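Sequence positions, counted from 1, serve as the residue numbers for this chain. Everything numeric here is computed off the predicted structure, so don't read it as measured data.
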Amino acid sequence: MAPRPKAFKIRRLRGPQKYGVAGRSLPELLRKAGKRLQLPFPDCRLCLYEDGTELTEGYFHGVPDNTDLVLLAPGETWQGFVSDIDHFLNTFYAQKDDIVEAAQKLLSDEQAPKRQKLLVDLISNLSENILAESREEDRKWFEGMESRFKNKSSYMRYSCESRIRSYMKEVSSYTSAVHPAAQAEYKRITDFMLDKLKSVKYNGCYFDRREEAAVRLCTTEGWFSCQGPFDRDYCLCKHSINPYSNRESRILFSTWNLDHIIEKKRTIVPTLAEAVKEQDGREVAWEYFYQLLFTLENLKLVHIACHKKASHNLTCDKTKIYRKRKRMQKVSK
């Protein structure tokens with residue numbers, strides 16, 4: 001007895017219209033689908049619309065009736081819903097000027113706060129001028145900013161430098177809390193750190209998209225990704241931002257933190273002060289503390305929601321606090 005025909009809903013790639021096609025076997029279904037959708041039968045393939053799994057003869061009889069399928073011509077691929085989203089985004093951005101205009105018209109009459117926010121965010125995202133660099137190319141981005149900043153990258157570099165400068169200021173201001181007998185040595189060490197920071201321009205390269213990939217925290221277009229809380233290797237929420245894109249994103253980026261994994265106030269600075277006080281003839285390895293305070297060795301860029309304010313309960317490496325003493329070699333007689 002011949003098996004009963006199985007019915008499917010079949011569409012072409014990028015085709016919104018679906019057709020009902022039935023077949024008792026995969027070859028029969030391919031033949032009918034190719035004819036119905038006007039694609040040459042011999043080289044076509046059928047995939048599940050949901051996830052892109054290719055339909056095989058062995059898989060054919062286990063697939064439920066009325067399953068959505070995609071008929072692919074030679075060279076075409078389908079990855080399921082992901083392909084639809086990708087196509088939507090490509091089409092969406094190709095017509096962004098028309099979409100912005102339509103959204104602005106809707107916004108002028110919209111009263112519902114939630115819909116207002118959605119429209120404002122849509123207009124903002126589609127009106128980005130990411131690739132523009134100079135003030136002349138994107139005057140809106142520079143609104144409210146001092147005239148000395150001529151391009152976006154120089155301002156972003158300054159923004160990073162300001163953060164690092166503030167860290168240095170905190171370290172220096174701790175001098176008064178150091179044991180009086182150790183204050184001079186503590187100041188000498190902080191002066192070394194300051195000179196080092198000046199030589200590397202306060203690590204402003206971290207926010208400068210023109211810098212080499214090895215030293216910047218963003219892509220060449222200026223996209224920054226959250227590196228996750230101090231106790232995780234990544235951001236579960238996939239936070240990202242491009243402060244180079246528009247004025248609002250530039251301002252919002254100021255709420256992102258360069259977070260110290262081993263904490264600055266609670267741990268690093270007090271440990272440095274204690275090390276100076278208790279050095280007892282040993283030399284404090286100030287470069288180790290410099291790395292912890294001012295470099296990506298101990299800094300993570302995090303979205304404000306990933307910035308955990310509770311104690312990190314991490315300590316400095318005791319084996320790195322002082323320089324290792326050189327062993328005296330015996331002089332043979």
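Separating the OG1 atom in Thr267 from the CD1 atom in Ile262 is a distance of 7.5 Å, to the nearest 0.5 Å. Taken from CZ in Phe60 to CG in Leu46, the straight-line distance is 9.5 Å, to the nearest 0.5 Å. A distance of 5.0 Å separates CZ in Phe294 from CG in Leu197, rounded to the nearest 0.5 Å. One finds the CG atom of Asp208 at 12.0 Å from the CG atom of Asn203 (value rounded to the nearest 0.5 Å). With rounding to the nearest 0.5 Å, the separation of CD in Glu170 from OH in Tyr174 is 12.0 Å. Atoms CZ and CD1, on Arg36 and Ile10 in that order, are 10.5 Å from each other to the nearest 0.5 Å.
Cation-pi contact between Arg165 and Tyr158: absent, since separation from the ring centre below 6.0 Å together with deviation from the ring axis within 45° is not met. For the pair Arg135 and Phe149, the cation-pi criterion (under 6.0 Å, within 45° of the ring axis) is not fulfilled. Arg12 forms no cation-pi arrangement with Tyr49, by the criterion of a distance under 6.0 Å to the ring centre and an angle within 45° of the ring axis. Figure legend: cation-pi geometry between Arg250 and Tyr155, with NZ or CZ positioned under 6.0 Å from the six-membered ring centre and within 45° of its axis.
We find that Arg139 and Glu143 are not joined by a salt bridge, their nearest charged nitrogen and carboxylate oxygen being 4.0 Å or further apart.
Under a hydrophobic-cluster definition in which Ile, Leu, Val, Met, Phe, Trp and Tyr are linked whenever side-chain heavy atoms come within less than 4.5 Å, directly or via other members, Val200 and Met168 are assigned to the same cluster. Taken together through direct or relayed side-chain contacts under 4.5 Å among Ile, Leu, Val, Met, Phe, Trp and Tyr, Ile251 and Tyr244 form parts of separate hydrophobic clusters. Residues Val269 and Val178 fall within the same hydrophobic cluster, defined by Ile, Leu, Val, Met, Phe, Trp and Tyr side chains chained together at heavy-atom separations under 4.5 Å. No continuous path of hydrophobic side-chain contacts links Ile130 to Met156 [ILVMFWY only; heavy atoms under 4.5 Å]. In the hydrophobic clustering of ILVMFWY residues, with side-chain heavy atoms under 4.5 Å counting as a link, Phe207 and Ile304 come out apart.
With a 4.5 Å cut-off on side-chain heavy atoms, Ile241 and Leu252 count as touching. Using a 4.5 Å cut-off on side-chain heavy atoms (C-beta onward), Phe142 and Lys152 make contact. No side-chain heavy atom of Phe8 sits under 4.5 Å from any side-chain heavy atom of Asp65. Between Asp68 and Lys18, the closest side-chain pair of non-hydrogen atoms falls below 4.5 Å. Inter-residue side-chain proximity for Leu293 and Lys264 is flagged as met; some heavy-atom pair is nearer than 4.5 Å. Proximity of Glu263 to His312: side-chain heavy atoms (C-beta onward) are separated by under 4.5 Å at one or more points. Side-chain contact check for Arg323 versus Glu287: some heavy-atom pair is nearer than 4.5 Å. Contact of the Val171 side chain with the Leu194 side chain is not registered, since no non-hydrogen atoms from C-beta on lie closer than 4.5 Å.
When atom types are taken as modelled, the side chain of Lys6 and the backbone of Val63 share a donor-acceptor pair closer than 3.5 angstrom. No donor-acceptor pair under 3.5 Å is formed between the side chain of Arg209 and the backbone N or O of Leu217. Looking only at distances, a side-chain donor or acceptor of Thr175 sits under 3.5 Å from a matching main-chain atom of Ser172. Not one N or O on the side chain of Glu54 forms a donor-acceptor pair closer than 3.5 Å with the backbone of Cys47. Looking only at distances, a side-chain donor or acceptor of Ser245 sits under 3.5 Å from a matching main-chain atom of Asn242. Side chain of Asp259 to backbone of Lys300: no donor-acceptor contact under 3.5 angstrom is found. Counting only distance, with no hydrogens or angles, the side chain of Asn151 and the backbone of Ser134 share no donor-acceptor pair below 3.5 Å. Formation of a donor-acceptor pair under 3.5 Å by the Arg216 side chain with backbone atoms of Glu211 is found in this model.
Taking each heavy atom of Cys160 and Leu258 in turn, the nearest pair found is SG-CD1, 4.4 Å. Considering every non-hydrogen atom in both Asp317 and Thr319, the closest pair reads OD1-OG1, 2.6 Å. When all heavy atoms are compared, the tightest approach of Ala33 to Val21 is N-CG1, 4.0 Å. Leu39 and Leu71 make their closest contact through CD1-CD2, 3.6 Å (heavy atoms, listed as atom of the first residue, atom of the second, distance). Taking both residues in full, the closest heavy atoms of Trp78 and Leu13 are given as CE3-CD1, 3.3 Å, listed atom of the first, atom of the second, then distance. Residue Met193 comes nearest to Leu272 through the heavy atom pair CE-CD2, 4.0 Å, listed as atom of the first residue, atom of the second, then distance.
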Output, in order, the C-alpha distance, side-chain angles, deciding distance and verdict of side chain to side chain contact (heavy atoms under 4.5 Å, CB included) for Lys187 and Ile189. CA-CA 5 Å; Lys187 185 179 185 308; Ile189 287 175; over 6 Å; no
Under the criterion side chain to side chain contact (heavy atoms under 4.5 Å, CB included), I'd like the reasoning laid out for Ser162 against Tyr202: C-alpha separation, chi angles, the key distance, then a yes or no. CA-CA 8 Å; Ser162 296; Tyr202 294 91; over 6 Å; no
Yes or no on side chain to side chain contact (heavy atoms under 4.5 Å, CB included) for Ile164 and Leu299, after CA distance, side-chain angles and deciding distance? CA-CA 11 Å; Ile164 302 297; Leu299 290 173; 4.3 Å; yes
For the pair Thr77 and Leu72, evaluate side chain to side chain contact (heavy atoms under 4.5 Å, CB included) and give the outcome as yes or no after the intermediate values. CA-CA 7 Å; Thr77 59; Leu72 300 175; 5.6 Å; no
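Remark: aromatic rings of His260 and Tyr167 are close, center separation under 6.0 Å.
For the side-chain contact (heavy atoms from CB on, under 4.5 Å) with Val276, the lone residue among Glu274, Gln279, Glu278 that qualifies is Gln279.
Atom CD of Glu57 has more than 12 neighbouring heavy atoms from other residues, nucleotides or ligands inside a 6.0 Å radius. No more than 12 heavy-atom neighbours from other residues, nucleotides or ligands sit within 6.0 angstrom of CD on Gln38.
Under 3.5 Å, the side chains of Gln291 and Thr295 contain a donor-acceptor pair of N or O atoms. Ser153 and Glu133 are linked by a side-chain donor-acceptor pair at a separation below 3.5 angstrom, with hydrogens and angles left out of the test.
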List the atom pairs, with distances to 0.1 Å, where a side-chain N or O of residues 220-239 and a protein N or O form a donor-acceptor pair under 3.5 Å, not counting sequence neighbours.
from: Gln227; atom 1: OE1; to: Leu301; atom 2: N; distance (Å): 2.7
from: Asp231; atom 1: OD1; to: Lys308; atom 2: NZ; distance (Å): 3.1
from: Asp231; atom 1: OD2; to: Lys308; atom 2: NZ; distance (Å): 2.9

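Between Trp286 and Tyr290, the two ring planes are perpendicular [angle over 60°; tilted spans 30° to 60°].
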